Amino acid sequence: MNTNEVRTRFAPSPTGYMHIGNLRTALYAYLLAKSNGGKFILRIEDTDQERYVEGAVDVIYRTMKDTGLIHDEGPDIGGEFGPYIQSERRGLYKEYAEKLVESGHAYYCFCDKERLEDLRARQTAMKVPTKYDGLCSKLSKEEIQAKLDAGVPYVIRQKMPKTGKTSFQDEVFGEISVENAILDDNVLLKADGLPTYNFANVIDDHLMNITHIIRGSEYLSSTPKYNLLYEAFGWEIPKYIHVSPVMKDANNKLSKRHGDASYEDFIEKGYLKEAIVNYIALLGWAPGDEREKFTMEDLIEAFDVKGISKSPAIFDEKKLAWLNGEYIRELSAEKFHELAAPFYEGVIKNPDIDLKLVSELLQPRCEKLSDIPEQVDFFDNLPEYDNELYTHKKMKTNPENSLEALKEALPVLEGIEDWTKENIHDALIALVEKLELKNGRILWPVRVAVSGKAFTPGGGVELAHILGKNETIARINKGIEQLSK
RNA sequence: GGCUCCUUGGUCAAGUGGUUAAGACUCCGCCCUCUCACGGCGGCUACAGGGGUUCGAAUCCCCUAGGAGUCACCA
């Protein structure tokens with residue numbers, strides 16, 4: 001193995017859906033590895049059996065594959081540092097925890113939940129920091145052995161130094177340093193024999209040769225404790241890259257628990273995965289130049305830890321929508337139609353409507369695919385509309401002259417043999433010229449009559465073409481009829 | 001509350017002692033135009049506040065305010 005190789009990991013716990021913040025962390029880890037020609041590892045942290053959610057692992061696999069965050073090692077594909085699921089590594093942590101006990105960096109603790117709760121309650125009441133009081137660290141060897149022999153349940157706690165301070169260099173936040181005295185003697189190994197995150201992540205990151213740890217800034221304050229562990233083992237401390245959370249608004253993180261959209265929700269709404277990846281890459285990271293559109297390859301090439309910002313970023317769906325619109329417009333007509341098709345279902349049932357033509361109209365007019373239904377609802381059925389729709393100041397139209405316009409347009413349309421867009425256009429423009437009017441005087445009333453709406457994708461000519469001759473004539477007649485009343 | 005951090009327009013952000021303080025989204029206006037959208041052009045809006053240091057501070061230091069994270073046998 002190349003000892004200089006950059007190795008990063010994404011280590012989610014399978015407790016629910018993949019939310020945007022998680023995905024972004026995974027993205028950054030992937031980008032850091034790939035921009036350095038390194039390896040990206042997926043590790044599932046399922047040491048908390050109580051929070052395990054069935055199917056959550058599959059969501060993780062699916063999302064990563066979908067977005068192109070392809071891992072080089074992981075539970076599903078293996079690798080030389082497996083297993084990559086913490087619960088399958090359970091046997092290995094105990095040995096390390098015991099090593100720490102031997103070297104004096106950890107100790108057995110037999111305190112039960114009641115005592116700990118009581119302790120915490122008293123400390124809270126006294127307005128004193130809540131931390132373990134170290135009672136069991138004072139146990140003699142004999143006392144410990146006796147309890148062990150008696151089968152008293154125990155945990156192993158990390159023994160923190162009482163003096164001095166621990167500091168480290170974070171790649172984005174700079175130097176972070178804390179007084180050792182305030183560090184709590186955290187549980188390393190739980191009574192069920194499984195490690196806590198605090199312990200497992202250190203052991204696993206080391207055993208898996210992780211060189212750069214990218215994770216949320218919520219771990220910033222506990223990182224010194226992890227470093228003490230690395231030091232106790234005599235292991236090399238990895239580089240840390242902590243990233244600030246993605247926020248819903250100024251005060252709240254984006255979270256699935258609060259009903260905020262997950263990756264899959266955005267896909268359902270008709271956002272393109274490329275746009276989502278592109279957008280979240282820019283949420284909390286900037287390339288340093290003015291580019292805004294990035295393919296995954298571009299991101300790999302441009303990514304640099306220096307561009308990661310310290311402050312939290314608020315997720316702005318408007319900007320995502322804009323970016324998504326950019327991606328939609330770049331699609332080939334075929335591809336767009338393929339993606340749009342599901343959104344016509346149940347909205348346009350008339351088999352005479354050529355959906356490909358509808359797609360042509362829609363492609364420059366939607367930011368996300370879910371914008372489609374409301375834009376095309378008039379194709380199947382002409383909505384009820386008010387005659388006032390015929391009034392348009394700029395077009396200089398009103399119900400009276402619109403009635404005249406429709407009456408003029410009707411025979412012209414009826415006279416078109418070959419119902420093509422060009423023919424419809426040319427015929428109506430010829431009429432406009434004959435009557436010496438502005439285009440809008442004829443075309444606006446036609447558009448209103450065939451659609452019954454104030455805004456439509458495309459103009460009267462396009463809509464008439466898609467609706468077909470019979471339906472167009474019928475709708476013009478309907479317009480004439482209701483304007484004549 | 002203790003500790004660790006954060007703070008450039010409404011939002012994302014560039015910026016590392018000297019700039020008219022970029023750019024993008026949003027919003028507004030104009031152009032294009034048969035509506036809408038696309039596209040083009042233009043505009044509004046920012047260095048949280050107060051002290052220093054310096055010839056000079058968004059950039060360095062201190063204080064204040066606001067915000068976040070963390071203080072579990074969760075991760």
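The structure displayed is predicted, hence computed values, not measured ones. Every chain is numbered from 1, with letters handed out A, B, ... down the list of sequences.
In this entry the distance linking NZ of A/K253 with C1' of B/rC6 reads 15 Å, nearest Å. As rounded to whole Å, 9 Å separates atom C1' of B/rA72 from atom CG of A/N198. The distance between atom NZ of A/K293 and atom C1' of B/rC25, rounded to the nearest whole Å, is 15 Å. A straight line from CG of A/L183 to P of B/rA72 spans 12 Å, rounded to a whole angstrom. As a whole-Å value, the separation of A/K225 NZ from B/rC71 P is 7 Å. When the C1' atom of B/rC73 is taken as reference, atom CD of A/Q158 falls 15 Å away, rounded to whole Å. Between A/R9 atom CZ and B/rA75 atom C1' the separation is 11 Å, expressed in whole Å. One interatomic measurement links the two molecules: NZ of A/K310 to P of B/rC12, which rounds to 17 Å at whole-angstrom precision.
With distances taken from any side-chain atom of A/K318 to the nucleotides B/rC3, B/rU26, B/rA72, the minimum falls on B/rU26. Taking every side-chain heavy atom of A/L220 into account, B/rC5 is the closest of B/rC5, B/rA72, B/rG10. In this structure, the nucleotide among B/rU35, B/rA72, B/rA75 sitting nearest to the side chain of A/K190 is B/rA75. Checked against B/rC25, B/rG39, B/rC34, the side chain of A/V461 finds its nearest nucleotide in B/rC34. Nearest to the side-chain atoms of A/W444 among the listed nucleotides B/rU8, B/rA24, B/rC34 stands B/rC34. Across B/rG39, B/rA72, B/rC6, the shortest atom-to-atom separation from the side chain of A/T130 is found for B/rA72. Here B/rG67 is the nucleotide among B/rG69, B/rC34, B/rG67 with the atom lying nearest to any side-chain atom of A/N251. Of the candidates B/rA13, B/rU35, B/rC73, the closest approach to any side-chain atom of A/A313 belongs to B/rA13. Nearest nucleotide to the side chain of A/F455, out of B/rC36, B/rG39, B/rC73: B/rC36. Relative to the side chain of A/F173, the nucleotides B/rU35, B/rC6, B/rA72 differ in distance, and B/rC6 lies closest.
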Report task. Evaluate ring-ring contact (aromatic ring centres under 6.0 Å, His included) for A/F266 paired with A/Y279, printing each intermediate quantity in order. Result -> CA-CA 12 Å; A/F266 281 110; A/Y279 178 67; 8.8 Å; no

Report task. Tell me, with the steps shown, if A/D249 and A/N252 meet side chain to side chain donor-acceptor pair (under 3.5 Å). Result -> CA-CA 6 Å; A/D249 54 48; A/N252 302 288; 3.1 Å; yes

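Nucleic acid contact class of A/E45 (heavy atoms, under 4.0 Å, all strands): sugar-phosphate only. Here A/S222 lies out of heavy-atom contact (under 4.0 Å) with every strand. Using a 4.0 Å heavy-atom cutoff across all strands shown, A/E326 reaches sugar-phosphate atoms only and no base atom. Residue contacts shown for A/S451 are absent, as no nucleic acid heavy atom lies under 4.0 Å away. Within 4.0 Å of A/Q123, counting heavy atoms only, lies no atom of the nucleic acid at all. At the heavy-atom level, A/K438 lies nowhere under 4.0 Å from the strands shown.
The local environment of OH in A/Y17 is sparse, with at most 12 non-hydrogen atoms from other residues, nucleotides or ligands closer than 6.0 Å.
In this structure, A/K253 is not positioned above the aromatic face of A/F315 in the sense of NZ or CZ being under 6.0 Å from the six-membered ring centre and within 45° of the axis. The cationic atom of A/K453 (NZ for Lys, CZ for Arg) does not lie both less than 6.0 Å from the six-membered ring centre of A/F378 and within 45° of the ring axis.
Residue A/Y96 is tested with A/V202, A/L229, A/L207 for a side-chain contact (heavy atoms from CB on, under 4.5 Å); the sole match is A/L207.
Nucleotides B/rG69 and B/rC28, compared at atom P, are 34 Å apart to the nearest Å. Spacing between B/rA75 and B/rU16 at atom P, rounded to whole Å, works out to 43 Å. When the C1' atom is used for both B/rU53 and B/rU59, the distance is 13 Å, rounded to whole Å. Between the P atoms of B/rC63 and B/rC6, the separation comes to 14 Å (whole Å). B/rC31 and B/rG67 are spaced 44 Å apart, taking the C1' atom of each and rounding to whole Å. The separation of B/rA13 from B/rC55, taken at their C1' atoms, amounts to 32 Å, rounded to a whole angstrom. Taking atom C1' in both B/rG40 and B/rU33, one finds a spacing of 13 Å when rounded to whole Å. Using atom P as the reference point in both B/rG1 and B/rU54, the two lie 36 Å apart (nearest Å).
Screening residues 304-323 of chain A for side chain to side chain donor-acceptor pair (under 3.5 Å) gives A/K269-A/E317, A/Y271-A/E317, A/E292-A/K319 as the qualifying pairs, with residues at least two apart or on separate chains.
Between A/H392 and A/N252, the residue anchored closer to the 5' end of RNA chain B is A/H392, taking for each the nucleotide with the nearest heavy atom. Both A/L189 and A/G458 sit near RNA chain B, but only A/G458 has its closest nucleotide nearer the 5' end.
Using cut-offs of 30° and 60° for the angle between ring planes, the A/H337 and A/Y344 rings count as tilted.
In the interface, the side chain of A/R365 is paired with the base of B/rC36 through a donor and an acceptor atom under 3.5 Å apart.
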